[in-house]
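Structure first, commentary second.
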Amino acid sequence: MKDILRIAIQKSGRLSEQSIKLINECGIHFNNGKSRLKAVSYNFPAEFLFLRDDDIPGYVEDGIADLGIVGENEMVEKDKDILLVKRLGFSKCRLSLAIPRDKEYPGPHYFEGKNIATSYTRILNQFLEKQQLSAQIHEISGSVEIAPSIGLADAVCDIVSSGSTLLSNGLKEVETIFRSEAVLIGNKAASEQKKSLIDQLVFRINSVQAGQGNKYILLNAPEESIDAIVDLLPGMRSPTVVPLATKGWHSIHSVVQEDQFWEVIEKLREAGAEGILVVPIEKMIV
Ligand code: PRT
Ligand code: ZN
């Protein structure tokens, strides 16, 4: 019988939409009714399990799922015997310590002897140990940010993204103890056949990510500017240079990295480029 990959993704929450989007961008499609717990892809040997994110590391360790997508915070906190297959770059956030806004913060020793509310006891403990601090950890599973205002704790250790939840609860972020993004995790004992399917999936994810990190650029340039422009645009191998119908002019095509984009554009204009077009790349095979 042919193996099929079982991939666990969050049923509903902050990771769900982007996890499904990434799978779809990899050309893997399935029909997902809102209330379903399982879906089978019709164009890739994979089945999807929709679960709470807290349960995903355990299911992957047990081999109920071969792969799973979770926040790195959840992966580290659950501390299961699994593989980190690939960082996925979305759902970036941080785990931070926060204290009431009106308190002075002199440094980590502030937390000595304090009572800290969190859902991330393991990661917090690691931080406290490293800082050689002893504090009481009060484990709560939700609405951590209200703990100080109801007298349950002196401080909180919680996930922060924009910071507005802390702000609206009269708290200020004073230490970032962990940075997180979505990760693809895997079972350690996958069969050879499943490993080969995982490789195929990772290859597709790499292509999607490379495409998203780059732009395709087209521009026109006079003959005398070509060398300077080619130097600015390394491309995948080297830029394409094709003559335009107007004599002495060429069109140059290349790929630029998203994070170098504005800097390169400025230099291209200075070097004589005109009519610059920038288009997204759907996939890039590197
Ligand atoms: O129901 P289930 O158990 O599956 O979901 P959940 O409620 O446990 O998790 P969910 O959907 O809230 O988050 C899933 C993952 O998204 C987390 O494990 C993180 O890796 C990641 N993530 C990214 C976040 C946030 N951003 C985030 N902002 N997880 C939680 N938050 C919460 C945070 O707890 C706090 O209450 O949002 C609030 C802070 O947000 P800001 O923008 O106000 O700072
Ligand atoms: Zn959860």
Side-chain angles (χ1 to χ4, degrees), residues 3-26 28-41 44-95 118-126 139-144 157-161 177-191 193-195 197-206 208-209:
D3 270 344
I4 78 164
L5 276 185
R6 300 185 99 196
I7 307 174
I9 52 186
Q10 191 189 23
K11 182 165 166 48
S12 75
R14 287 186 165 85
L15 296 165
S16 313
E17 200 177 308
Q18 277 188 286
S19 301
I20 293 174
K21 180 166 168 267
L22 175 66
I23 298 289
N24 290 160
E25 283 168 344
C26 288
I28 300 172
H29 296 278
F30 51 86
N31 296 318
N32 178 26
K34 267 267 172 273
S35 60
R36 292 177 60 183
L37 299 177
K38 230 163 80 166
V40 181
S41 170
F44 190 84
E47 182 175 65
F48 294 86
L49 309 177
F50 303 104
L51 302 166
R52 284 200 60 194
D53 69 342
D54 311 55
D55 299 331
I56 293 176
Y59 279 131
V60 170
E61 182 185 45
D62 296 344
I64 310 267
D66 305 300
L67 293 173
I69 297 178
V70 285
E72 204 174 341
N73 50 305
E74 208 57 46
M75 177 191 83
V76 172
E77 182 62 29
K78 291 289 185 287
D79 193 29
K80 300 290 183 189
D81 192 22
I82 49 171
L83 296 171
L84 168 55
V85 179
K86 176 106 196 106
R87 289 179 190 283
L88 300 175
F90 61 84
S91 286
K92 288 194 173 163
C93 58
R94 53 196 189 271
L95 185 65
T118 191
S119 312
Y120 294 92
T121 56
R122 194 183 129 77
I123 303 177
L124 176 56
N125 250 321
Q126 282 174 347
E139 183 172 3
I140 40 181
S141 59
S143 303
V144 173
C157 173
D158 199 10
I159 300 285
V160 183
S161 161
I177 68 168
F178 188 80
R179 291 193 183 274
S180 178
E181 63 186 277
V183 288
L184 182 68
I185 55 172
N187 176 267
K188 283 192 162 171
S191 66
Q193 209 176 35
K194 284 190 177 180
K195 274 191 197 143
L197 290 173
I198 292 169
D199 286 348
Q200 283 179 44
L201 177 64
V202 170
F203 176 82
R204 293 187 189 193
I205 294 174
N206 287 341
V208 170
Q209 286 183 340

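All values below were derived from every heavy atom in this structure, side-chain atoms included, with hydrogens, water molecules and symmetry-related copies excluded. Remember, predicted model here, so these are calculated numbers, not experimental data.
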Pairwise distance [atom1]([X]) to [atom2]([Y]) - rounded to 0.5 angstrom:
| X | Y | atom1 | atom2 | result |
| --- | --- | --- | --- | --- |
| Thr118 | Leu124 | OG1 | CG | 5.5 Å |
| Asn24 | Ser19 | CG | OG | 11.0 Å |
| Asp66 | Ser191 | CG | OG | 7.5 Å |
| Asp79 | Ile123 | CG | CD1 | 10.0 Å |
| Ile159 | Ser180 | CD1 | OG | 6.0 Å |

Less than 4.0 Å between a side-chain N and a carboxylate O, is that true for Glu74 and Lys78? yes

Under 4.0 Å between a Lys/Arg side-chain N and an Asp/Glu carboxylate O for Glu47 and Arg6?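 Salt bridge: yes.
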
Hey, does [Y] have a side-chain heavy atom less than 4.5 Å from the side chain of [X]?
| X | Y | answer |
| --- | --- | --- |
| Tyr59 | Leu49 | no |
| Glu72 | Phe178 | yes |
| Ile69 | Ile56 | no |
| Cys157 | Leu95 | yes |
| Phe44 | Ile23 | no |
| Ile177 | Tyr120 | no |
| Phe90 | Lys21 | no |
| Val183 | Val70 | yes |

Closest heavy-atom pair and its distance - [X], [Y]:
| X | Y | answer |
| --- | --- | --- |
| Ala65 | Asn187 | O-CB, 4.0 Å |
| Val144 | Ser119 | CG2-OG, 3.6 Å |
| Asn31 | Arg36 | O-NH1, 3.1 Å |
| Leu67 | Leu5 | CD1-CD1, 4.0 Å |
| Phe50 | Ala39 | CE1-CB, 3.8 Å |
| Cys93 | Val160 | CB-O, 3.5 Å |

side-chain contact (heavy atoms from CB on, under 4.5 Å) evaluation trace for Lys80 with Val60: CA-CA 9 Å; Lys80 300 290 183 189; Val60 170; over 6 Å; no

Determine yes or no for a side-chain-to-main-chain donor-acceptor pair under 3.5 angstrom, with [X] supplying the side chain and [Y] the backbone.
| X | Y | value |
| --- | --- | --- |
| Arg94 | Ser161 | yes |
| Gln10 | Asp53 | no |
| Gln193 | Asp3 | yes |
| Ser91 | Glu181 | no |

Is it true that, when you exclude Arg179 itself, more than 12 heavy atoms of the residues, nucleotides or ligands shown sit nearer than 6.0 Å to its CZ? no

Determine whether more than 12 heavy atoms belonging to other residues, nucleotides or ligands lie under 6.0 Å from atom CD of Glu17.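 Incorrect, the count does not exceed 12.
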
Please test Glu77 against Thr121 for side-chain contact (heavy atoms from CB on, under 4.5 Å), starting from the C-alpha separation and ending with a verdict. CA-CA 8 Å; Glu77 182 62 29; Thr121 56; 3.4 Å; yes

Audit row: Leu201, Ile7, side-chain contact (heavy atoms from CB on, under 4.5 Å) steps and yes/no: CA-CA 11 Å; Leu201 177 64; Ile7 307 174; 4.1 Å; yes

